[in-house]
Amino acid sequence: MASERYNAPNREKHWQKVWQEKDIFSTDTESERPKYYVLEMFPYPSGRIHIGHVRNYAMGDVVARFKRAKGFNVLHPMGWDAFGMPAENAAMKNKVHPGEWTYENIANMREQMKMLGLSIDWDREFATCDVEYYHQQQKLFLDFLDKDLAFRRTSKVNWDPVDHTVLANEQVIDGKGWRSGAPVEQRELTQWFFRITRYADDLLDSLEDLKRWPEKVRTMQHNWIGKSEGALLRFELGEQNRPEGFFQIEVFTTRSDTLFGASFCALSPGHPLTRKLAEDNSELAAFIKECEQLGTALEDIEKAEKKGIDTGLTVSHPLDDNWQIPVYVANFVLMDYGTGAVFGCPAHDQRDLDFARKYNLDVTPVVIPANEDPADYKIADIAYTGPGKLANSRFLDGLEMEAAKSAVITELDKNGKAERQTQYRLRDWGISRQRYWGCPIPIIHCKTCDIVPVPVEDLPVKLPDDVSFDKPGNPLEHHPTWKNVKCPKCGSEARRETDTMDTFVDSSWYYARFCSPKADVPVVAKEVNKWLPVDQYIGGVEHAILHLLYSRFFARAMCETGHLEVKEPFAGLFTQGMVNHETYKDENGDWLSPSDVRIEGEGKNRKAVHDRTGAPVTIGPIEKMSKSKLNTIDPSEILAHYGADTARWFMLSDSPPERDVEWTQAGAEGAWRFVHRLNRLIEEALPKLAKAEAPEPDDFDEAAKTLRQQSHKAIDAVEQDLENLRFNRAVAQIYEFTNHLGSATKSFEAANEGQAFALREAATFLVQMFAPMMPHLAEECWARLQYHTLVVDSPWPKANQALLIDETIKIAVQVNGKRRDELTISPDASKNSIEKAALALDNVKRSIGDKKVKKVIIVPKRIVNIVI
RNA sequence: GCGGGCGUGGCGGAAUUGGUAGACGCAAGGGACUUAAAAUCCCUCGGCCUUUGUGCUGUGCGGGUUCGAGUCCCGCCGCCCGCACCA
């Protein structure tokens, strides 16, 4: 009777075909059911799916299938984030066209993803490098331009002076270009920007409404926008040495209260005054050059040792003309934030303190903590940033910080030396990229008409196919004909904009495009307003700020340009953790792939050798899977061997989805065994089950009733876990329930009507509760249970509330916080009767001894604590 | 450097959100079945103790709040993510 071993890969193919033939996953656009839009962050088509993708898409698929079972009309699309640097790198390395490389990768990955059995509406698939997609994106750009949401200004880029090319931050390694090895320089280029700062306040305030976003993501975005209310202060330059045309330094500060603690002013290396001074100060010019070699990445700039140069200039203190303050140029002052200049108050800012110690500048505390005496309060190595009362500050002495801030601004405002100002850390979004493989910016530069948008009817501006990557730099720049065009306005010789858009632009509106993926407008209002916002968006935390903030900007910008009515694109967000794996190195210290490594022994004796040569291998730390460390697992081997259900189940088990997981062979095998166990269990239970259409009997014996309670509790618990994306807990529930059903299958009798019914109910529930996670096996079992339907179409069972309530519960009894016994009692027993019963327990009596009971704490349904 | 997060047995983790720490799974050990193996099934499984208990101890480390802390507060340590041109 025992069936053939379940051939998962084989049966999975079968069920995928059935779903496809019945067109199960095409979105029903006419449905009356409530909509539910599930979206996972779409993948970059690197060529092969990654186990992290399996985790991400398995989660999304569980949500999609679960919501479908709950009666929603589900939209669950998939596409490709297909523009970007890797395609160009491949082109340079392998002489293959980026487009060809990308589409080939997409084909491979699509095939792999289809093996996962995802409930995706593949009819809506697109790649961002499809002309049809970027055509619409170019229209959006022109609309943004119209509303002044797109504009040009200069900004700095990393410049490789040998390759004559712009470098991405990740291409700058220790201040040198990754290919040429030449020290990077900074260059000012005129580039295109999106005016995200227009919505700074709205992007900030609306975070509060995103109730189904992780708190940490909201906090990160809040800090990223970085609204700070402060003051703009003006320091007059001393007449000595000051360059022509410069009279003052403007400084933004949130700590105007510390103005009497100022001991220096510092300019950014990029400040106009710095530039001017450097013209005839070679030391300063060299310093600027040194700063520029750090590249444009903020991280590198802030990690660098704090350094400065005394310019020899002084400014007068805004509140005392006789007080001269030295002016430095410092590498930690950012040109992009505030005014590019700061005043330093070393006592109350750590960076300023470090700088002051290095250059022997005064450190005068002006804010004194409550428990300190102003007369002898000194700052050592740590700046004091907390609250306190002002001291050493003339008319401010004794004031609280906030009062002092106001007092300073009010005083300075009288003679125009200060005004209140709000600053944001958020900067406008630079979208220009000097690269080929991106969406062309639809602009023509004409000598007479200046910037001319490409007329909508002339769109799309297609990327030319005949490009060469032999020369470093942007192939569009070198293209002989593409670049040269006639001006659409005056007809004279003009040239195309050769910058393409940041790939973040592509991913900032794809969620909207999925609602009408074939339309010849960016979005069809009726569709997009019906489906948006995305009800559940799932992806990695690494996108917590940029991608999600840009998408929120785009929705707003698309509202302003009349495309959308929904300004928040993602109502629910879930950020899943990464998949990690052990790392391995051979004797030469080179990384090894897990597939080349054989593990021997267990626990402390565990060691690794090279699979083919037997050479010893060092087991390294468990790290994020990355190509450079070779610790990636190719899911296609897993899929071919164990099947999709095993891979999906394992990725959903154990680890909470928001946390990282480690891929282990043992874990995969455990999941695989469970697949077989379920299959066997249904097989074994079959002869004892009531008929599919059998009515509910009037009577159930104790055993049948217990199983029914377990079934209903399990379906209820799994429902709640899936609703809250706690997949690991749902998995544990299912394991536990499977154990119950396993015992019942052994002892129950087919002839006992109540037992047969309870058993069928349990088996049915079990299949339905694991169906979202292991959909293929579920169809297999569903068919075996003689239902002539598909489990994918079956509605989620409703738990019977009456079966969820226990007649008695156990609560712990503590004496002085230590557990001494437990009490079995009715869940609605009164406090009084609980206390009586608890005090009557032998163990409790012994623990109390002859001591006096001081207090009895009773939390109904939870605990009793007797304090003696 | 700045911002955010995480830390519980050999391992992944659970803990009704302040109420019996270790559910469930993996690994391991023992046993059953088998000519044998695989598969399967059953049992044990945080640490300590010449007191095996109604015992002590235990959630990264050190303090604190509370009748009660893995959970809250303060201070450390370690790891991870982001930092605007990787996607």
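Throughout, a chain's letter reflects where its sequence line sits, starting with A, and its residues are numbered from 1. If you're wondering where the values come from, they're calculated on a predicted model, not measured in any experiment.
- Around the NZ atom of Lys851(A), the shell of radius 6.0 Å holds no more than 12 heavy atoms that belong to other residues, nucleotides or ligands.
- Residue-level contact check: Ala666(A) touches the backbone only, with heavy atoms under 4.0 Å from sugar-phosphate atoms and none from bases.
- The base of C85(B) sits within donor-acceptor range of the side chain of Gln434(A), with an N or O pair under 3.5 Å.
- For Lys818(A) and U57(B), the shortest distance from a side-chain N or O to OP1 or OP2 is below 4.0 Å.
- Between Arg726(A) and G13(B), a side-chain N or O to OP1/OP2 separation shorter than 4.0 Å is absent.
- Nucleotides G13(B) and A27(B) have their C1' atoms positioned 14 Å apart, rounded to a whole Å.
- U16(B) atom C1' lies 13 Å from atom CG of Asp806(A), rounded to whole Å.
- Residue-environment remark: CG (Asp806(A)) exceeds the threshold of 12 foreign heavy atoms within 6.0 Å.
- For Asn223(A) against G3(B), no side-chain N or O and base N or O form a donor-acceptor pair under 3.5 Å.
- Rounded to whole angstrom, the span from the NZ atom of Lys746(A) across to the C1' atom of U40(B) amounts to 9 Å.
- With a 3.5 Å ceiling on both atom-pair distances, the Watson-Crick or G-U wobble partner of U40(B) is A32(B).
- Within 4.0 Å (heavy atoms only), Val731(A) reaches no atom of the nucleic acid at all.
- For the pair Ser655(A) and G12(B), the criterion of a side-chain N or O lying under 4.0 Å from OP1 or OP2 is not met.
- Pairing for C76(B) goes to G60(B), judged as Watson-Crick or G-U wobble with the two contacts each under 3.5 Å.
- Taking 3.5 Å as the limit, the base of C6(B) and the side chain of Glu658(A) contain no donor-acceptor pair of atoms between them.
- Between G12(B) and G5(B), the distance separating the two P atoms is 22 Å to the nearest Å.
- Atom CZ in Arg862(A) sits about 16 Å away from atom C1' in A21(B), given to the nearest Å.
- Remark: the separation of the C1' atoms in G70(B) and G18(B) is 11 Å, to the nearest Å.
- Counting to the nearest Å, the C1' atom of C24(B) and the CZ atom of Arg673(A) are 15 Å from each other.
- Taking only distance into account, the side chain of Arg846(A) meets the base of U54(B) through a donor-acceptor pair shorter than 3.5 Å.
- Rounded to an integer number of Å, the gap from Asp349(A) CG to C2(B) P is 10 Å.
- A perpendicular orientation is assigned to the rings of His676(A) and Trp672(A), their planes being inclined by more than 60° (bins at 30° and 60°).
- Here, G75(B) and A21(B) have their C1' atoms 26 Å apart, quoted to the whole Å.
- Comparing atom distances between the Leu426(A) side chain and each of C6(B), G25(B), A84(B) picks out A84(B) as nearest.
- Listed pair Asn728(A) / G12(B) fails the phosphate criterion, with no side-chain N or O lying under 4.0 Å from OP1 or OP2.
- Thr500(A) places no side-chain N or O within 3.5 Å of a backbone atom of Tyr436(A) that could act as its donor or acceptor partner.
- Summarising the base pairing, G1(B) is matched to C83(B) through a Watson-Crick or G-U wobble pair whose two defining distances lie under 3.5 Å.
- We find that CG of Asp821(A) is positioned 9 Å from C1' of U54(B), with the value rounded to whole Å.
- One donor-acceptor pair, N or O on each side, does fall under 3.5 Å between the base of C67(B) and the side chain of Asn865(A).
- Atom name C1', nucleotides C11(B) and A28(B): the rounded distance is 11 Å, in whole Å.
- At whole-Å resolution of the value, CD1 in Ile857(A) and P in U66(B) are 13 Å apart.
- Between Tyr735(A) and Trp649(A), the ring centre distance stays below 6.0 Å.
- Distance noted for atom P between U57(B) and G3(B): 40 Å (whole Å).
- Between G63(B) and C79(B), the distance separating the two P atoms is 24 Å to the nearest Å.
- For C11(B), the paired base is G25(B) (Watson-Crick or G-U wobble, both distances below 3.5 Å).
- Spacing between atom NZ of Lys861(A) and atom P of G19(B) amounts to 15 Å, rounded to whole angstrom units.
- Using a 4.0 Å cut-off between a side-chain N of Lys or Arg and a carboxylate O of Asp or Glu, Glu299(A) and Lys303(A) qualify as a salt bridge.
- Across all strands shown, G19(B) is found opposite C67(B) as a Watson-Crick or G-U wobble partner, with both distances under 3.5 Å.
- Annotation: G10(B) and U59(B) have their P atoms spaced 13 Å apart (nearest Å).
- Of the candidates C81(B), C86(B), A14(B), C86(B) carries the atom nearest the Met85(A) side chain, counting heavy atoms from C-beta on.
- The 5' end of RNA chain B is approached more closely, in terms of each residue's nearest nucleotide, by Arg819(A) than by the other of Arg819(A) and Ile545(A).
- Salt bridge status for Arg218(A) with Glu215(A): present, with a side-chain N to carboxylate O gap under 4.0 Å.
- We find that Asp821(A) and Lys845(A) are not joined by a salt bridge, their nearest charged nitrogen and carboxylate oxygen being 4.0 Å or further apart.
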